[in-house]
Protein chains: 2
Amino acid sequence: MDKLFRHLRDYHPLTPQAEQALADEFEEITLGKNEFLLQEGKTCRHLYFLEQGAIRGYYNLEEKEITHWFAFENDFVTSFHSFITQEPSVENIQLLEGSVLRKISKEKLTALFNRFHEIERLVRIAYEKYYIRLEERYVNSQFRSASERYENLLEHTPHIIERVPLGQISSYLGISQETLSRIRAKT
Amino acid sequence: MDKLFRHLRDYHPLTPQAEQALADEFEEITLGKNEFLLQEGKTCRHLYFLEQGAIRGYYNLEEKEITHWFAFENDFVTSFHSFITQEPSVENIQLLEGSVLRKISKEKLTALFNRFHEIERLVRIAYEKYYIRLEERYVNSQFRSASERYENLLEHTPHIIERVPLGQISSYLGISQETLSRIRAKT
DNA sequence: GGTTTTTTTTGACAAAGGTCAAAAAGGGAT
DNA sequence: ATCCCTTTTTGACCTTTGTCAAAAAAAACC
């Protein structure tokens, strides 16, 4: 649980009462490689915190799996669209490695917002960070060439290369696997 | 001011006290076509609400202007990265038409968060909506062909076509202007 | 250690989209 | 209407990336 709270403090420091209330609600779960946290068509009712392990989010488009994000230690994980709207998810969330997570349901989180302004503030601040991250990925994906995107990955998130098969990285970068392989051969 | 509050209520209803506090801080401004709300290198200190008009955000990449978003009536406008981090902006925000806006400074907004939990909640909910929007744009931009992206624009945001020159639309879609022109010729 | 199975690389070719240059079409002003 | 200036379209060609198929390499299994 420590890992979670150390991470939360980076967003916004909490009073002991608020920390305790969160500690009461965040439940630990352990899942094995290739298991699913969520499958398309199901509504995502939880927010997860990934303490240890690696996870990907992907969806199926024309027979292909498109991986659009990865998560590692200290990342929050959910199908954001489904979690927020409480509509069925179009994406799947699958473990790349055996992982240790903490989870909290949307209802419990919402109830905590009502009890603790500071918890809602923490989430507001976390959203800001995640928004900025996504914005950077967006600009990077749309206006850079395939090899620039790969170099950017090497520079900013090299751990992805170590822990994820190439086919998933290529779809994450929006490149065919063959092209990515050729880009790598050149460097 | 009505327009702003009608819009805010769609996110989250506010008490009269909170509305009044916001009304006291949101200042009206009017700017003409081609004027700048923000230029790169400057830090964005305000959040704007666009009551009437049209605005674009763009940055310069290798001699070219890359337009990466448009805003119209009832949109919030800011250089999100700069506003949140209070670091110098890499983007420019320019009016496409003469526009009427409301603005509030970051300090004043933060002060309101402290006074009114409900205002911070409203912003938290607004972030969720904007995050989902960006996520959709991201997936759409990265995994669809040029003509699919254009068709998607026609279907979901046709007003852009009416109010924005083609060169800016093409860069928004991540296509060269010539290719966009050819796509249009076909349909 | 040898055999499957999966992942990555390579080759040949095709398709999508970009670039450069020039022509055409619009939009104001006078 | 005419001139000037901006925006859009068209043509020829080039570059990047994708696709299909097969080989090579790596990993997992017995």
Side-chain angles (χ1 to χ4, degrees), chain A residues 32-35 54 56 58 60-68 70 94-98 137-154 158-187, chain B residues 32-35 54 56 58-68 70 94-98 138-154 158-187:
Chain A
K33 181 168 175 167
N34 293 330
E35 288 195 74
R56 69 173 179 136
Y58 73 91
N60 293 297
L61 184 69
E62 290 151 22
E63 315 280 291
K64 280 188 192 158
E65 289 185 358
I66 308 273
T67 297
H68 63 127
F70 298 109
Q94 187 182 29
L95 299 232
L96 292 169
E97 307 170 357
R137 282 189 60 204
Y138 173 67
V139 166
N140 194 51
S141 83
Q142 183 156 24
F143 305 112
R144 302 282 178 182
S145 72
S147 44
E148 283 173 331
R149 280 168 358 238
Y150 177 68
E151 273 160 35
N152 194 70
L153 182 81
L154 279 183
H159 53 280
I160 292 182
I161 312 277
E162 260 101 75
R163 297 168 73 178
V164 180
L166 203 70
Q168 291 176 19
I169 296 174
S170 71
S171 96
Y172 173 76
L173 291 173
I175 314 176
S176 74
Q177 172 162 336
E178 295 91 330
T179 296
L180 180 55
S181 175
R182 287 182 179 107
I183 287 169
R184 275 162 36 117
K186 251 180 251 167
T187 349
Chain B
K33 181 168 174 167
N34 294 330
E35 289 195 74
R56 69 172 179 135
Y58 74 91
Y59 57 94
N60 293 297
L61 185 69
E62 291 151 21
E63 315 281 291
K64 281 189 191 158
E65 289 184 0
I66 309 272
T67 297
H68 65 127
F70 298 110
Q94 186 182 30
L95 299 232
L96 292 168
E97 306 170 357
Y138 173 68
V139 166
N140 193 52
S141 84
Q142 184 157 23
F143 305 112
R144 303 282 177 182
S145 71
S147 45
E148 283 172 332
R149 269 147 36 215
Y150 177 68
E151 273 160 34
N152 193 69
L153 183 80
L154 279 181
H159 52 282
I160 292 181
I161 312 277
E162 260 103 75
R163 296 169 75 176
V164 180
L166 202 69
Q168 291 176 18
I169 296 175
S170 70
S171 96
Y172 174 76
L173 291 174
I175 317 175
S176 74
Q177 173 160 336
E178 295 90 331
T179 297
L180 180 55
S181 175
R182 289 184 176 104
I183 288 170
R184 278 164 32 121
K186 254 182 247 164
T187 347

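Hydrogens, waters and symmetry mates play no part in the numbers below; they use all other heavy atoms, side chains included. Sequence lines set the chain letters: A, B, ... in the order given, protein chains first and strands last, and positions in each chain run from 1.
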Among C/dG18, D/dT9, C/dG17, which nucleotide has an atom closest to any side-chain atom of B/S181?
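Per side-chain heavy atoms of B/S181, the pick is D/dT9.
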Are any of [X]'s side-chain N or O atoms less than 4.0 Å away from OP1 or OP2 of [N]?
X	N	answer
A/R182	C/dT10	no
B/T179	C/dG17	no
A/K186	C/dT10	no

Does A/Y172 offer a backbone N or O that forms a donor-acceptor pair with the side chain of B/Q142 under 3.5 Å?
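Present.
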Rounded off to whole Å, could you give me the [atom1]-to-[atom2] distance for the [X] and [N] pair?
X	N	atom1	atom2	value
A/R144	D/dT17	CZ	P	13 Å
A/L180	D/dT16	CG	P	17 Å
A/E178	C/dA14	CD	C1'	14 Å
B/I175	C/dA15	CD1	P	20 Å
B/Q168	D/dT6	CD	P	14 Å
B/I183	D/dT10	CD1	C1'	15 Å
B/L166	D/dT10	CG	P	12 Å
A/Q142	C/dG18	CD	P	11 Å

Is any side-chain heavy atom of B/L61 less than 4.5 Å from a side-chain heavy atom of A/R144?
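Counting from C-beta outward, B/L61 and A/R144 do come under 4.5 Å.
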Would a 4.5 Å heavy-atom cut-off, applied to side chains only, mark A/E65 and A/N60 as touching?
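With C-beta onward as the side chain, the pair touches.
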At their closest point, which heavy atom of B/G174 faces which heavy atom of A/F143, and how far apart are they?
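Scanning both residues, the minimum pair turns out to be CA-CE2, 4.0 Å.
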Check every strand shown and say whether A/K33 touches a base, only sugar-phosphate, or nothing at a heavy-atom separation below 4.0 Å.
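Nothing, no heavy atom under 4.0 Å.
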